[in-house]
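Only heavy atoms go into these numbers, but all of them, side chains included; no hydrogens, no water, no symmetry mates. These numbers come from a predicted model, not from an experiment.
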Amino acid sequence: CHVMRRADGAGNIALLTETWPVGKHWVGEYVRATINTAAQTLTVGYKAEGSADWRWITTRRFRPTETIHDRKRSPL
């Protein structure tokens with residue numbers, strides 16, 4: 001899951017009823033937060049412009065509060 005969030009005046013982003021620190025350097029900037037449920041991580045990145053590469057800011061442990069199930073596959 002990828003979402004875009006704007007860092008607030010304290011350098012935090014709000015995601016899934018939680019606040020995640022990304023750093024004061026990113027105040028007012030939009031960052032991309034990527035949740036990897038299998039690895040239980042939240043990775044935050046920044047891209048200055050369309051042709052630029054993503055710059056990864058931080059990776060944090062993300063522990064979902066709900067049980068994660070394998071998706072059901074339809075029979076072929």
Side-chain angles (χ1 to χ4, degrees):
C1 170
H2 305 287
V3 295
M4 298 299 290
R5 292 290 186 266
R6 186 174 182 191
D8 65 17
N12 300 314
I13 58 170
L15 181 62
L16 300 173
T17 70
E18 294 186 43
T19 301
W20 300 87
V22 294
K24 291 228 178 213
H25 180 77
W26 307 104
V27 169
E29 297 288 345
Y30 281 91
V31 297
R32 181 175 86 174
T34 302
I35 296 172
N36 181 329
T37 54
Q40 295 189 355
T41 58
L42 170 75
T43 302
V44 180
Y46 175 77
K47 188 173 185 176
E49 56 188 51
S51 62
D53 291 331
W54 283 98
R55 175 180 173 187
W56 303 112
I57 300 169
T58 188
T59 298
R60 303 212 179 262
R61 185 95 171 141
F62 173 78
R63 293 199 173 140
T65 56
E66 297 179 17
T67 303
I68 299 171
H69 303 279
D70 288 336
R71 64 185 175 128
K72 293 182 180 178
R73 296 177 187 219
S74 60
L76 297 176

If every non-hydrogen atom of [X] is compared with every non-hydrogen atom of [Y], which pair is closest and at what distance?
X	Y	result
L16	F62	CD1-CZ, 3.8 Å
P21	N12	CA-OD1, 3.1 Å
G9	V27	O-CG2, 3.6 Å
L15	A33	CD2-CB, 3.9 Å
G45	W56	CA-CE3, 3.4 Å

side-chain contact (heavy atoms from CB on, under 4.5 Å) against H2, all qualifying residues, sequence neighbours excluded: R32, T34
Residue pair V44, I13: steps toward the side chain to side chain contact (heavy atoms under 4.5 Å, CB included) verdict: CA-CA 10 Å; V44 180; I13 58 170; 4.3 Å; yes
Counterpart residues, side-chain hydrogen bond (donor to acceptor under 3.5 Å, both in side chains), relative to E18 (two or more places apart): none
Audit row: Y46, W54, ring pair (Phe, Tyr, Trp, His ring centres under 6.0 Å) steps and yes/no: CA-CA 6 Å; Y46 175 77; W54 283 98; 7.8 Å; no
Gap separating the NZ atom of K47 from the CD atom of E29, nearest 0.5 angstrom: 14.5 Å
Spacing of T43 atom OG1 and R60 atom CZ [to the nearest 0.5 Å]: 11.0 Å
Donor-acceptor contact present, side-chain R6 to main-chain Y30, <3.5 Å: no
L42 side chain reached by T59 side chain, heavy atoms, under 4.5 Å: no
Atom CZ of R63: over 12 foreign heavy atoms under 6.0 Å: no
By ring-ring contact (aromatic ring centres under 6.0 Å, His included) - contacts of W20 (at least two apart): none
